[in-house]
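See structure below.
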Amino acid sequence: TLTQKLDTVLHKLRGQGRISETNIAESLREVRLALLDADVNIQVVKDFIDTVQKKSLGQEVITSLSPGQLIVKIIYDELVKLLGTEKEEIQFSTTPPSIIMVVGLQGSGKTTFSGKLANLLKSKGKNPLLVAADTYRPAAIDQLETLGKTIDVPVFTNRKEKPLSIAKQSIDHARSTMRDVVIIDTAGRLAIDEEMMQEVESIKKSVQPDEILFVVDAMIGQDAVTTAKIFNERINFDGVVLTKLDGDTRGGAALSIRSIVQKPIKFIGVGEKLDALELFYPERMASRILG
Amino acid sequence: ISATGKIDENFLEQLEEIFIRADVGAEATQTIIENIKKKVKEVRYETQEELQTIIREQLASIFVPNKYEEEPLTIPEGIKPYVIMVVGVNGAGKTTTIGKLANRYKEAGKEVFIGAADTFRAAANEQLEVWAQRAGVKIIQQKQGSDPAAVAFDTVQSAQSKNADVVIIDTAGRLHTKTHLMEELKKIKRAIQKSHSTAPHEILLVLDSTTGQNALQQAKLFNEVVGVTGLILTKLDGTAKGGIVFAVSRLINVPVRYIGVGEQMDDLQPFNSKKFVEALFS
Ligand SMILES: Nc1nc2c(ncn2[C@@H]2O[C@H](COP(=O)(O)OP(=O)(O)OP(=O)(O)O)[C@@H](O)[C@H]2O)c(=O)[nH]1
Ligand SMILES: Nc1nc2c(ncn2[C@@H]2O[C@H](COP(=O)(O)OP(=O)(O)OP(=O)(O)O)[C@@H](O)[C@H]2O)c(=O)[nH]1
Ligand SMILES: [Mg+2]
Ligand SMILES: [Mg+2]
């Protein structure tokens, strides 16, 4: 573990009283490697190490904690702080229906998440409507319709229309069928696909969502920052969903995305079934990233 | 100018950053840079261009040679049907890649059968059905919830009885950490072996090029469980560089067979190590 690695590196700190630049240089290198291995973005790692160094310098090496434990505590606390200490909820509208739009790269888990979110909101007494606005991927509409049937949530779509019209029509449909939350599932798209990014911009402009969620696969590497930045610039999403955290990926993208675009992580996906959705806990993520 | 065996420190730092940003990984980057330094000391260079060439050649040499690079659709003598099993984690691009691959073989005059052995995920059959239609190939499927091993077995049997050339088996996405799902994958492979003793002839692991260091764990475990014979790297039309493929191909010692460069049927290319290395620096 990082604590063990740091203890080996830092055992010479014992009896030195305070942490200095020279005696923690090696341990900061270990931390850098651990964070890069965890897929934290290289720029975020640089800034993070600078912060940890500043916070560690001059600290007294309390004899009750090993120097390794002390540095890890500083790192852990800093990670939790960066990951967001506020529990961030979904924004609902004061006048129904609330509109939630789900976006992200191909295969990140948007359709599955849309089903999970509908399931969660239904259990909280809401009447969600799922909207199948992915007209590109083969059987995408069938996929969402199947999920909707599993949890007995209606799915709105129109196999003759384009995503923008489907999204627009879904709001009227929600009103006329007394659904109070609309969850719009969109096609996976590349941040650099101009036409597709214009499509989500126009859907946003047209239906004015109360909440836009950016769904990211937790095993994503350095590309997390590139794509999150562009999506954020183009549609200013409200929150992030990190999926497939039931695997063993360290999930450093959580830290990268949060620190670069400053948007909260609201949910995590922890399985393929529709009940596999959890709220985001920064402490758990921090431990996971540290490995 | 006289030849030198040294590389400027700033240049090395820039190189390191390019590699890390490309998801090559911290450890692999260190090894690669050490090897570059050794090579440069040995062969020496006079111009920047020469140095760049040495670096690119060093990188390209990491890949296990793809013996089918010139003729990717080669089927070894006497193997009929040639059975390909496609595996990987959720959402990597397996089903889409199978559609593209089936089309390639079909266009090369081969008769192809696709096996819809993802019997778990919502609308998995329907999705693969669309691809089979587009490629003009036969699909064997059973209803959602059926035994995937039975579908795989059925597909190879049907292909054999119809004297088809190629069988491609799609499997459900699964995280390598799920023991029971990895056991299921073993069962699917055994079923294929039962229906044709030398099959499967290829087991392709599909990796999403946006994946970070977790790709190493994926490769390690899929290889341990079913034995991977080749890699496919998808979504290279995006901004991710797919640099994890260096460490992965070294770890499990297999070639990269194809790359996915889009969502349409023609968006599949045979892997070219020189082009891939060049794209790292663009
Ligand atoms: N293990 C696991 N699998 C997940 C999770 N979320 C989604 N998946 C799986 O990931 C794969 C892709 O999920 P989809 O919901 O189709 O992803 P998508 O973003 O809608 O894909 P596109 O519409 O093609 O962009 C499927 O196999 C899902 O079952 C999760 O939290 N854990
Ligand atoms: N841009 C791009 N998208 C791709 C590529 N390959 C696949 N995709 C997209 O990635 C998403 C997931 O593809 P699938 O073929 O469903 O992936 P899968 O591995 O079969 O997914 P599961 O069966 O759910 O595990 C779809 O939206 C595809 O269109 C590629 O090379 N480039
Ligand atoms: Mg989808
Ligand atoms: Mg699939």
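Side-chain atoms are counted along with the backbone in the values below, which use heavy atoms only and exclude waters and symmetry mates. In what follows, chains carry the letters A, B, and so on, assigned in the order in which the sequence lines appear, proteins first and then strands, with residues in each chain numbered from 1.
Taken to the nearest 0.5 Å, the CG atom of A:L105 stands 8.0 Å off from the CG atom of B:D208. Atom CZ of B:R21 and atom CD1 of A:I42 lie 6.0 Å apart (nearest 0.5 Å). A distance of 13.0 Å separates CD in A:Q222 from NZ in B:K241, rounded to the nearest 0.5 Å. Taking CG from B:N90 and CD from A:E272, the interatomic distance works out to 4.0 Å, rounded to the nearest 0.5 Å. Between atom CD1 of residue A:I230 and atom OG1 of residue B:T239 there is a gap of 6.0 Å, rounded to the nearest 0.5 Å. Atom-to-atom distance recorded for B:T210:OG1 and A:M219:CE is 8.5 Å, nearest 0.5 angstrom.
Only the side chain of B:K178 comes within contact range of chain A, with at least one heavy atom under 4.5 Å from a heavy atom of that chain. For A:T243, no part sits under 4.5 Å from any heavy atom of chain B, backbone or side chain. With a threshold of 4.5 angstrom between heavy atoms, A:R250 does not approach chain B through any atom at all. The contact between A:K46 and chain B is made entirely by side chain atoms (from C-beta outward), counting heavy-atom distances below 4.5 Å. At a 4.5 Å heavy-atom cutoff, the contact between B:D237 and chain A is made by backbone and side-chain atoms alike. Only the side chain of B:Q217 has a heavy atom closer than 4.5 Å to any heavy atom of chain A. Using a 4.5 Å cut-off between heavy atoms, A:I192 contacts chain B through its side chain alone, with no backbone atom that close.
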- [ ] Please test B:T211 against A:I220 for side-chain contact (heavy atoms from CB on, under 4.5 Å), starting from the C-alpha separation and ending with a verdict.
- [x] CA-CA 4 Å; B:T211 311; A:I220 193 170; over 6 Å; no
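Interface summary for chain B: among A:N41, A:V225, A:D142, the most heavy-atom pairs under 4.5 angstrom belong to A:D142. When the candidates A:L147, A:L190, A:D37 are compared by the number of heavy-atom contacts under 4.5 Å with chain B, A:L190 comes out ahead. Contact tally against chain A (heavy-atom pairs below 4.5 Å) for B:V130, B:N214, B:V89: the top residue is B:N214. The most heavy-atom pairs under 4.5 Å with chain A, out of B:E27, B:Q30, B:E126, come from B:E126. Comparing B:L216, B:L175, B:L128, B:N125 by heavy-atom pairs within less than 4.5 Å of chain A, the highest count is held by B:L175.
Of the residues listed (A:D248, A:T249, A:D246), the one engaging B:T177 in a side chain to side chain contact (heavy atoms under 4.5 Å, CB included) is A:D248, and it is the only one. Among the candidates B:Q133, B:R134, B:E263, B:E129, the single residue satisfying the side chain to side chain contact (heavy atoms under 4.5 Å, CB included) test with A:P138 is B:R134.
B:R121 is listed as a side-chain neighbour of A:Q143, based on a closest heavy-atom distance under 4.5 Å.
Here the shortest heavy-atom pairing between A:A139 and B:A123 reads O-CB, 3.8 Å. Closest of all the heavy-atom pairs between A:D223 and B:A240 is OD1-N, 3.5 Å.
In this structure, B:Q264 places its CD atom where only 12 or fewer heavy-atom neighbours from other residues, nucleotides or ligands lie under 6.0 Å away. Environment of CD in A:E161: crowded, with over 12 heavy atoms of neighbouring residues, nucleotides or ligands closer than 6.0 Å.
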